[in-house]
Amino acid sequence: MIPGQKRVLILGGTRDAIELATQAAAIPGVVVVTSLAGRTREPVIQSENTRIGGFGGISGLADYLHQQRIDLLIDATHPFAAQISFNAAAATRHVGIPRLMLVRPPWQSVPGDRWLEVESNAAAAAMLPELAQRIFLTIGRQELAAFAHLQQLWFLMRMIDPPHPDARIPHGKLLLERGPFLLENERSLLQAHKIEAIVSKNSGGTATYAKIIAARELGLPVVMVQRPAIPDGETVSDVRASLTWLKTQLNL
Ligand code: NAP
């Protein structure tokens, strides 16, 4: 650790975090460390300054911030990764360093969309039997069990890595793919599998939005799972504003 350098920890797992880390690392005097949870087998890693794996709760993260002499933390995790965001809020408060949240805006429905907004995967599962028989499930692999009891329905399930061999998963077909996804491909996918409804998290961003457009075009309902609550604190919605915050914090 070189005197005068400022050390920034970016909690990642999103495309915005990758872009932010690249641009922040280009600021003279700034050292960027990106942290990933280690959920995907082949994560997109943009520099050697990446650490992988949980910290061990609030106290583990606070210890890490202290030991690594982190000056600033930017929480650029996915909007549905709420636990790490609350941990980051508590740990930075404990250690006494500034924290920013980079939260991309949620998608908003537009005319033609047939959204059914729900609070949770369980609520999404509860409405499916009345809605459709063939469903495109795009919630990742970690929460598939919420739909596993719906044995009379058929699911096309898209995720980056396969589910754990012991995981309870719904009946249907797995599609192992990483976005971004193109509109024409999403349209063909829905048609080829005779999909009647989509279940999606309201993740926001452009990389996975094409399925929402395709659903609109085809007149399909989208069961849209709303975001969990995140901690209070200073929040921006894009990489550029994060860099402005960073430079302000560093008096640049
Ligand atoms: P979560 O429920 O908020 O966090 C669960 C635990 O995972 C945390 O307590 C922490 O473990 C560890 N963790 C999460 N993010 C971490 C990070 N960036 N670095 C180090 N440890 C991390 O998180 P999640 O929803 O499982 O998401 C995990 C990762 O996947 C995040 O980086 C997120 O940005 C990314 N991601 C999530 C989703 C989603 O839909 N949830 C979608 C795309 C990407 P300890 O308590 O041991 O520190």
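All values below were derived from every heavy atom in this structure, side-chain atoms included, with hydrogens, water molecules and symmetry-related copies excluded. The first residue of the sequence shown is numbered 1, and numbering continues consecutively from there. Numbering of ligands and ligand atoms starts at 1, following listing order.
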Among Val223, Ile139, Leu144, Leu137, find the one that has a side-chain contact (heavy atoms from CB on, under 4.5 Å) with Asn121.
Ile139
Can you list the atoms of ligand 1 that are under 4.0 Å from a heavy atom of [X]?
X	answer
Arg51	20 (C)
Ala82	3 (O)
Gly12	18 (N), 31 (C), 32 (O), 33 (C), 34 (O)
Asn87	9 (O), 46 (O)
Thr77	18 (N), 34 (O)
Phe80	25 (O), 39 (C), 40 (O), 41 (N)
Gly57	45 (P), 46 (O), 47 (O), 48 (O)

Are the charged groups of [X] and [Y] less than 4.0 angstrom apart, N to O?
X	Y	answer
Glu119	Arg227	no
Glu186	Arg158	yes
Arg99	Glu234	no

Top protein contact for [atom], by heavy-atom distance:
atom	result
atom 44 (C) of ligand 1	Gly13 O, 3.2 Å
atom 26 (O) of ligand 1	Arg39 NH2, 2.9 Å
atom 47 (O) of ligand 1	Gly56 N, 2.9 Å
atom 48 (O) of ligand 1	Phe55 N, 2.7 Å
atom 13 (N) of ligand 1	Ala37 CB, 3.6 Å
atom 19 (N) of ligand 1	Ser35 OG, 2.7 Å
atom 40 (O) of ligand 1	Lys201 NZ, 2.6 Å
atom 11 (O) of ligand 1	Gly54 CA, 3.7 Å

Given 3.5 Å as the limit, does a donor-acceptor pair link the side chain of [X] with the main chain of [Y], or not?
X	Y	value
Thr34	Ile10	no
Arg141	Ile160	no
Arg7	Gln68	yes

Out of [options], whose heavy atom sits nearest [atom]?
atom	options	result
atom 23 (O) of ligand 1	Gly179, Ala81, Gly38	Ala81
atom 38 (C) of ligand 1	Glu143, Gln142, His78	His78
atom 15 (N) of ligand 1	Thr34, Ile58, Ile139, Ile84	Ile84

Worked check of salt bridge (Lys or Arg N to Asp or Glu O under 4.0 Å) between Glu143 and Lys201
CA-CA 11 Å; Glu143 294 133 296; Lys201 294 175 173 175; 3.1 Å; yes
Ligand 1 contact on Gln83 by region, counting heavy-atom pairs under 4.0 Å
both
Using heavy atoms and a threshold below 4.0 Å, how should the contact between Arg15 and ligand 1 be classified: side chain, backbone, both, or neither?
neither
Hydrophobic clustering (ILVMFWY, side-chain heavy atoms < 4.5 Å, transitive) - are Leu150 and Leu220 grouped together?
no
Where Gly204 and Arg104 come nearest, the two heavy atoms and their spacing
O-NE, 3.5 Å
Could you tell me which non-hydrogen atom of Ala210 sits nearest to which non-hydrogen atom of Phe181, and how far apart they are?
CB-O, 3.5 Å
Could you go through the side chain to side chain donor-acceptor pair (under 3.5 Å) check for Asp75 and Thr77 one step at a time?
CA-CA 6 Å; Asp75 173 3; Thr77 55; 2.6 Å; yes
